[in-house]
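The next block holds one structure in the form of structure tokens; read it before the comments.
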Amino acid sequence: MMEFADTSPSVQVEPAEYHRLLGYPRDHVLSGRSRELADWAREWYGRHGQPWIYARQAERLEIANGSVRIDGVPFTSKRLQATLQQALAHSTFLVAAAAGPEVEEQANRLWREEKPDEYFFLEILGSAVVEHLIATAGARLCAWAEERGMAVLPHYSPGYSQWDIVEQGPLLRLIQNTRDHALPGKVEALDSGALRPKKSQLGVFGLTRHTARVRRLADLIPCENCSFAACQYRRTPYLRDCQEISSSIAGDRSLTVAARKAHRSRDRKGAVGAVLRHKGTNGNNR
């Protein structure tokens, strides 16, 4: 059974992905203060961040009575169930990834020091890093599956459409049941379903032997949902719309919306004001 843990994954987030989460238009080029802040955030994370990825193949997959059972643990997600059934999936991969607690701690420190610009750019970079780590994990799983004549499906996570975020807890406990590799970092699922550290994500990737079926069904094509630009196994272009609310962490979605509103004005004062309004109305994102 496939299993790996990586404590030093690449975190070379594509500029387009970072800019998308910041709320800029697709082809916007950063300049001035925004470029300075983006470069600073990358440099800080490069020195202090401690990202990691863990993945393992589940031993059993059962789909019956409106639920998906992975290694005996039931999950209720119509979307996940439909994806696995359409692809005739026979197994799944369980994945956890995190940018590390340092980025969240530093962002909170910046907020307390009344540096909302620095807080904002570092906070969003943390989300971009987590998305990149999940994409990296998917590319690695795709490579493994490709060599064996199989295909890996797009990942799905609690908190996405048609999957209640409260099932983060059961999924995390299942992932923590590791085999040869310990989970590289500490992750906790709160009663609300939010993860701590919040720059973390859990995901399920389906696995199928029916590769031709995957190629025929547009919703099942992994490449269209994967932003890993360097992947040598890419079959079709990445089609993610920059207008989607697509933060990798469910709790960051309102922050992403605030970023878009702020940057439409292309005004630093507007950006700061948007962050202030966001912090004042949603303290859970501090």
Side-chain angles (χ1 to χ4, degrees), residues 2-14 17-18 21 41-58 92-110 119 121-141 154-160 163 165-205 226-228 246-253 255-256 284-286:
M2 167 66 155
E3 182 186 32
F4 72 83
D6 191 344
T7 56
S8 57
S10 167
V11 289
Q12 297 301 312
V13 175
E14 287 292 314
E17 290 301 296
Y18 187 23
L21 289 180
R42 285 180 179 273
E43 192 273 335
W44 186 94
Y45 188 81
R47 287 188 289 111
H48 300 286
Q50 296 186 26
W52 57 265
I53 302 170
Y54 172 82
R56 74 171 175 86
Q57 185 178 357
T92 59
F93 289 106
L94 309 173
V95 175
E102 301 79 16
V103 64
E104 182 178 342
E105 293 168 358
Q106 178 65 8
N108 289 339
R109 188 176 301 114
L110 290 166
Y119 157 85
F121 275 76
L122 188 59
E123 177 87 358
I124 295 300
L125 179 64
S127 296
V129 166
V130 177
E131 284 202 353
H132 177 78
L133 294 175
I134 290 291
T136 299
R140 185 163 175 176
L141 297 175
H155 79 277
Y156 217 64
S157 302
Y160 284 14
W163 195 354
I165 194 171
V166 299
E167 292 197 345
Q168 294 260 51
L171 180 57
L172 176 59
R173 289 190 290 274
L174 183 59
I175 293 174
Q176 289 171 330
N177 185 24
T178 62
R179 287 195 287 267
D180 297 330
H181 299 276
L183 209 63
K186 183 178 179 180
V187 181
E188 177 186 2
L190 307 181
D191 291 342
S192 64
L195 297 178
R196 182 186 295 161
K198 67 179 180 179
K199 301 305 179 185
S200 309
Q201 186 174 359
L202 313 179
V204 175
F205 290 79
C226 176
S227 62
F228 191 67
S246 50
S247 171
S248 63
I249 308 301
D252 287 341
R253 288 180 180 174
L255 182 58
T256 307
N284 290 333
N285 284 316
R286 292 194 191 186

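Values in this document were obtained by computation on a predicted structure and should not be read as measured data. Values reported hereafter were calculated over all heavy atoms of this structure, with side chains retained and with hydrogens, waters and symmetry mates removed. Positions are given from 1, in the same order as the sequence printed here.
- Looking only at side-chain heavy atoms (C-beta outward), Ser10 and His132 come within less than 4.5 Å of each other.
- Considering all non-hydrogen atoms of both residues, Ala55 and Val95 come closest at CB-CG2, 3.7 Å.
- Of the residues listed (Glu104, Glu123, Glu105), the one engaging Lys199 in a salt bridge (Lys or Arg N to Asp or Glu O under 4.0 Å) is Glu123, and it is the only one.
- Here CG of Asn108 is found 7.0 Å from OH of Tyr119. Values are rounded to the nearest 0.5 Å.
- Rounding to the nearest 0.5 Å gives a distance of 10.5 Å between CG of Leu183 and CZ of Arg56.
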Query raised in the report: Does the side-chain hydrogen bond (donor to acceptor under 3.5 Å, both in side chains) test come out yes or no for Tyr160 and His155, once each step is laid out?
Result: CA-CA 10 Å; Tyr160 284 14; His155 79 277; 3.1 Å; yes
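- Between the side chains of Arg109 and Gln106, at least one donor-acceptor pair of N or O atoms lies under 3.5 Å.
- Between Tyr156 and Trp163, the two ring planes are parallel [angle under 30°; tilted spans 30° to 60°].
- In this structure, Arg179 contributes its side chain and Gln57 its backbone to a donor-acceptor pair below 3.5 Å.
- In terms of modelled atom types and a separation under 3.5 Å, the side chain of Thr7 and the main chain of Trp52 share no donor-acceptor contact.
- The shortest side-chain heavy-atom distance between Leu195 and Leu190 does not fall under the 4.5 Å cut-off.
- Residues Leu133 and Pro51 come closest through the heavy atom pair CD1-CB, 3.9 Å.
- Here the straight-line distance linking atom CD of Glu131 with atom CG of Leu21 works out to 5.0 Å at 0.5 Å rounding.
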Query raised in the report: After noting the C-alpha distance and the side-chain angles of Val129 and Val103, does the key distance pass the side-chain contact (heavy atoms from CB on, under 4.5 Å) rule?
Result: CA-CA 10 Å; Val129 166; Val103 64; over 6 Å; no
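- Nearest approach of Tyr18 to Phe121, heavy atoms of both residues: OH-O, 2.8 Å.
- Residues Ile53 and Arg140 form no side-chain contact, since every pair of their non-hydrogen atoms from C-beta on lies 4.5 Å or further apart.
- Between Thr136 and Asp6 the shortest side-chain heavy-atom distance does not fall below 4.5 Å.
- Summarising the geometry, atom CD belonging to Gln201 is positioned 10.0 Å from atom OG belonging to Ser127; distances are rounded to the nearest 0.5 Å.
- Of all heavy-atom pairs between Phe4 and Leu141, the closest is CE2-CD2, 3.9 Å.
- Summarising the geometry of Leu125 relative to Ala41, their closest heavy-atom pair is CD2-O, 3.2 Å, with the distance given to 0.1 Å.
- The two residues Gln168 and Leu202 come nearest to each other via the heavy atoms OE1-CD1, 3.4 Å.
- For the atom pair CD (Glu188) and OG (Ser200), the distance works out to 10.5 Å, reported to the nearest 0.5 Å.
- At most 12 non-hydrogen atoms from other residues, nucleotides or ligands lie less than 6.0 angstrom from CD of Gln12.
- A donor-acceptor pair is defined here as one N or O able to donate and one able to accept, closer than 3.5 Å; such a pair exists between the side chain of Glu3 and the backbone of Asp180.
- A donor-acceptor pair under 3.5 Å is formed between the side chain of Tyr45 and the backbone N or O of Ala99.
- Atom-to-atom distance recorded for Trp44:CH2 and Leu122:CG is 5.5 Å, nearest 0.5 angstrom.
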